[in-house]
Amino acid sequence: MLDIKLIRDSADWVRQRLASRHGGDEAKVGEVLSHDTRRRELITQVESLKAQKNKVSKEIGALMAQGKSEEADAKKEETRSIGDQISELDRQAQAAEQARNDLLMQLPNVPQETVPEGETEQENVLVRSWGNPPSFDFHPQAHIELCEALGLVDFARARKLAGSGFLLYRGWGARLERALGQFMVDLHTEEHGYSEISPPVLVNRDVMTGVGQFPKFSDQVYAVQEGEDPETLGRLFLIPTAEAPVANLHRDEILKAGDLPLNYCAQTPCFRAEAGAAGVGTRGMIRVHQFDKVELIKVVEPEQSAQALETMVREAETVLQRLGLTYRVLELCTGDIGFASAKTYDIEVWAPGQGQFLEVSSCSNCESFQARRMNLRYKSQGNSNRYPHVLNGSGTALARLYVALLETYQQSDGSVTIPEALASYLKADCLTPPS
RNA sequence: GGAGAGAUGGCUGAGUGGUCGAAAGCGGCGGUUUGCUAAACCGUUGUAGGGCUAAAAUCCCUACCGAGGGUUCGAAUCCCUCUCUCUCCGCCA
C-alpha cells in the first residue's frame, strides 16, 4: 500500500501518478485524506482524555495508599465519566481508521515517473529484441499439433480429469517440462546467486493481501476448503504465483541490513481461476488454469532496486538466450503495469506456430508497496527501520516457454531438436514422433 | 479426531491488580583498553500512532506483554471468546 504520509504531503502528485494508470483510482485520494484528517482529530481528543484519566487514576492510587478513601471515591466518579467519552470517541476514531485503510488497500502503487504514459498494452514500449524469428521451408505447425503428434501432452485426458484449461504431460513431454524447470532453476541458483525455495502452494489470506492479490483480485484465485466443510472455505488459497509465498517469506520480520539483498528462486505450480476470461482463445497451452513457473524474488535496499530490476530482467533473458529463442523486452506503460508494481518489464518469446510473441516473464519493481502491506522491514545503518523494496520476476513460465521451444525447433519431418543447454537435462537432443 | 502445555521486547526468560514499557541474560549500537581480532569493562538500546515543528529531535502525550471483548478509578497480572504453536495418542502420504 501507499505511504499515508506520502499522500498527506504530496496528494496532488499521487493523484497525478494514479491517474496515469487510467484506472480511476485518483478519485479515492481525497476520500482517504478526509478519513485520515477525521481520524487524527479524534485521536488527539481521545488521547488527551486518556492522559487526564491516567493522571487521576494515579492520584486515586496514592490516596488509597494513604487511606483517604472518601477523596478517592470522589475522583473515581470523575474518571468514570471521562471513560464514557473515551469509548465513544475511540469507536469513531477506529471507524475512520478502518475506512481509511480499506481505501488504502485498494489503491494501486504509483508508477515511476519514467514509466511511459499509456492506456493499454498498445502503448508498451519496445526496449530491445534478441535473435531473429526462424524461417521455415515448410509450414510450421502450432504446438497443439506438435504435442499430439509427438505424444507429449494429452489434452483430452486432462480435460477428462479437471476440465478445460488443464494439461497432462506424459512420457517425453513430462520429461521435457521437468528438464526445462531444472535447467532454469539451476541457472538461477548456480550462476545468478539465488537460493532455492520450495514453498507451500496453499497460502492464507494475509499472504495474498501482502502481495496485493487481495482484496481487489480475489476472484482470480482458487479458494479451497477442508473436505465438505464450508466453514473452512477461504482460509487457504492456491497460489497464482510463487511470488505470493516467497515474497511473504519474511513478512512481519525486521531484517538486518546485512541480510540484504535477498535473492530467492522457486519453481511451483501456479493456479489461475481466470474468472471472466473463460473461453477466450484458451485452446492449447497458452492460457491454462495450472502451469509451472520459475519465480525470482529480490528484497533489496531502496537505493538498489532500480538496478536490481535491470539485473533481474537480464537474468530472465539469459534463459531464452541459452535456449536460442527469439524474444523481445517491453517496458509496460502506466496503464498496463500491475497493481503492486511501480515499473514492469515483460519478456515475450516468439512462437512461430502462433505467429506471435508470448509473454513468458514479467519483472516488476514493487518498491515498498508490498513490504508495507507485509510489515516487512529492515534495520538500516542508522539503526532505523525502513521498508525494503521487493521485486518479482518470472524466470520463466514453463508452459509458454514449452510452446515456443517446440514451435521454434520443429523440423520438416515432424521431429523437434533440443538446444544444447537443455539436451543434458533431457538426456536427448531430439524428440521424434512415435512410430 | 482425543489428551495435555504454552503464547511477554531482535532472541532467551522473570514478573498474579497501582511509577511495569516491563527484571536478568544474550544480541545490537557507542566508547575505553588493544599492533589486528577476541576477551574484559563502562554506557546505551522496543514498536506504532498523535502533538509540537519549516522539518526533526535525546520534547510532550497515547497505545502495545498472541487477537478480541469484559471486570475495575486502575490489568502483562482477574474473567470470557477466538487464533496459533508445541508434546503425546489415533488416522494418513
Side-chain angles (χ1 to χ4, degrees), chain A residues 1-10 32-101 104-105 198 200-207 209-210 224-229 231-236 248-260 262 269 299 368 371-388:
Chain A
M1 75 185 157
L2 296 176
D3 186 355
I4 183 65
K5 287 179 197 146
L6 177 71
I7 297 179
R8 280 179 201 154
D9 298 342
S10 317
V32 167
L33 282 173
S34 71
H35 287 303
D36 184 57
T37 305
R38 170 122 180 93
R39 170 180 171 273
R40 285 201 283 173
E41 287 166 359
L42 287 163
I43 282 178
T44 305
Q45 292 177 45
V46 167
E47 289 189 346
S48 74
L49 286 171
K50 281 182 177 170
Q52 194 185 336
K53 185 181 159 197
N54 287 344
K55 193 168 152 244
V56 176
S57 284
K58 275 187 187 174
E59 290 168 9
I60 292 172
L63 289 170
M64 301 281 275
Q66 295 167 36
K68 299 177 180 171
S69 62
E70 280 163 34
E71 290 177 46
D73 286 347
K75 290 201 183 265
K76 282 183 191 179
E77 279 306 316
E78 188 183 335
T79 50
R80 253 191 285 265
S81 77
I82 295 176
D84 291 344
Q85 293 178 58
I86 289 174
S87 45
E88 172 57 20
L89 292 173
D90 226 2
R91 201 187 52 70
Q92 294 179 28
Q94 276 174 32
E97 179 168 336
Q98 185 69 46
R100 182 195 75 175
N101 289 345
L104 268 180
M105 290 304 268
S198 180
V201 299
L202 287 170
V203 298
N204 63 33
R205 192 171 284 276
D206 290 340
V207 166
T209 306
V224 302
Q225 66 180 26
E226 293 173 24
E228 303 285 338
D229 182 4
E231 281 282 297
T232 63
L233 177 63
R235 289 187 190 163
L236 292 173
N248 273 280
L249 220 159
H250 298 284
R251 73 172 1 258
D252 292 316
E253 290 183 27
I254 301 174
L255 303 167
K256 300 190 184 83
D259 294 338
L260 303 182
L262 294 171
V299 180
S368 60
R372 200 168 279 112
R373 286 175 164 243
M374 298 186 289
N375 193 30
L376 165 62
R377 291 165 297 175
Y378 76 100
K379 214 43 119 179
S380 67
Q381 293 304 335
N383 233 19
S384 65
N385 292 333
R386 299 177 76 195
Y387 291 106

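First the proteins, then the strands, lettered A, B, ... as listed; each starts at 1. These figures come from a predicted structure and were not determined experimentally.
Take A/P269 and apply the side-chain contact (heavy atoms from CB on, under 4.5 Å) test, not counting sequence neighbours, and it matches A/V201, A/F271, A/Q290, A/D292. A/H35 is linked by a ring pair (Phe, Tyr, Trp, His ring centres under 6.0 Å) to nothing, counting only residues two or more places apart in sequence or in another chain. Qualifying side-chain contact (heavy atoms from CB on, under 4.5 Å) partners for A/Q85, counting only residues two or more places apart in sequence or in other chains: A/L49.
Atom C1' of nucleotide B/rA55 and atom CG of A/D9 are separated by 10 Å, given to the nearest angstrom. One can place CG of A/D259 at 11 Å from C1' of B/rG10, the figure rounded to the nearest angstrom. One interatomic measurement links the two molecules: CG of A/L63 to P of B/rG74, which rounds to 15 Å at whole-angstrom precision. Between the CG atom of A/D206 and the C1' atom of B/rA67 there is a distance of 12 Å, given to the nearest Å. Taking atom CZ of A/R205 as the reference point, atom C1' of B/rU83 lies 15 Å away to the nearest angstrom. If you take OH of A/Y387 and P of B/rA48, they are 7 Å apart, rounded to a whole angstrom. We find that CZ of A/R38 is positioned 16 Å from P of B/rG50, with the value rounded to whole Å. When the C1' atom of B/rG10 is taken as reference, atom CG of A/L376 falls 15 Å away, rounded to whole Å.
Contacts with RNA chain B (heavy atom under 4.0 Å) in residues 46-62 of chain A: A/E47, A/K50, A/A51, A/K53, A/N54, A/S57, A/I60, A/G61, listed by number.
Between B/rU47 and A/R377, no contact under 4.0 Å exists linking OP1 or OP2 to a side-chain N or O. Taking only side-chain nitrogens and oxygens, A/R40 comes nearer than 4.0 Å to OP1 or OP2 of B/rG51.
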How far apart are the C-alpha atoms of A/E47 and A/K50, what are their side-chain angles, what is the distance that settles it, and do they pass the salt bridge (charged side-chain N to carboxylate O under 4.0 Å, His left out) test? CA-CA 5 Å; A/E47 289 189 346; A/K50 281 182 177 170; over 6 Å; no

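Of the residues near RNA chain B, A/T79 and A/R8, the one whose nearest nucleotide (by heavy atom distance) lies more toward the 5' end is A/R8. The residue among A/Q94 and A/R80 whose nearest nucleotide of RNA chain B is located toward the 5' end is A/Q94.
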Which dot-bracket string fits RNA chain B when only Watson-Crick or G-U wobble pairs with both atom distances under 3.5 Å count, crossing pairs get [ ], and | stands for a partner on a different strand? (((((((..(((.....[.....)))((((((.......))))))((((((.......)))))).(((((..]....))))))))))))....

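Formation of a donor-acceptor pair under 3.5 Å by the A/R372 side chain with backbone atoms of A/G210 is not found in this model. No donor-acceptor pair under 3.5 Å is formed between the side chain of A/R251 and the backbone N or O of A/L376.
A salt bridge (charged side-chain N to carboxylate O under 4.0 Å, His left out) check over residues 33-46 of chain A, counting only residues at least two apart or in different chains, returns the pairs A/R8-A/D36, A/D36-A/R40, A/D36-A/R100, A/R39-A/E97.
A/R235 comes within 4.0 angstrom of nothing in the nucleic acid, heavy atoms only. Residue A/D73 is classed as having no contact, given no heavy-atom separation below 4.0 Å to the nucleic acid.
Ranking B/rG51, B/rC73, B/rU47 by closeness to the A/K379 side chain, first place goes to B/rU47.
Classification of A/E77 and A/R80 as a salt-bridged pair holds, one side-chain N sitting under 4.0 Å from a carboxylate O.
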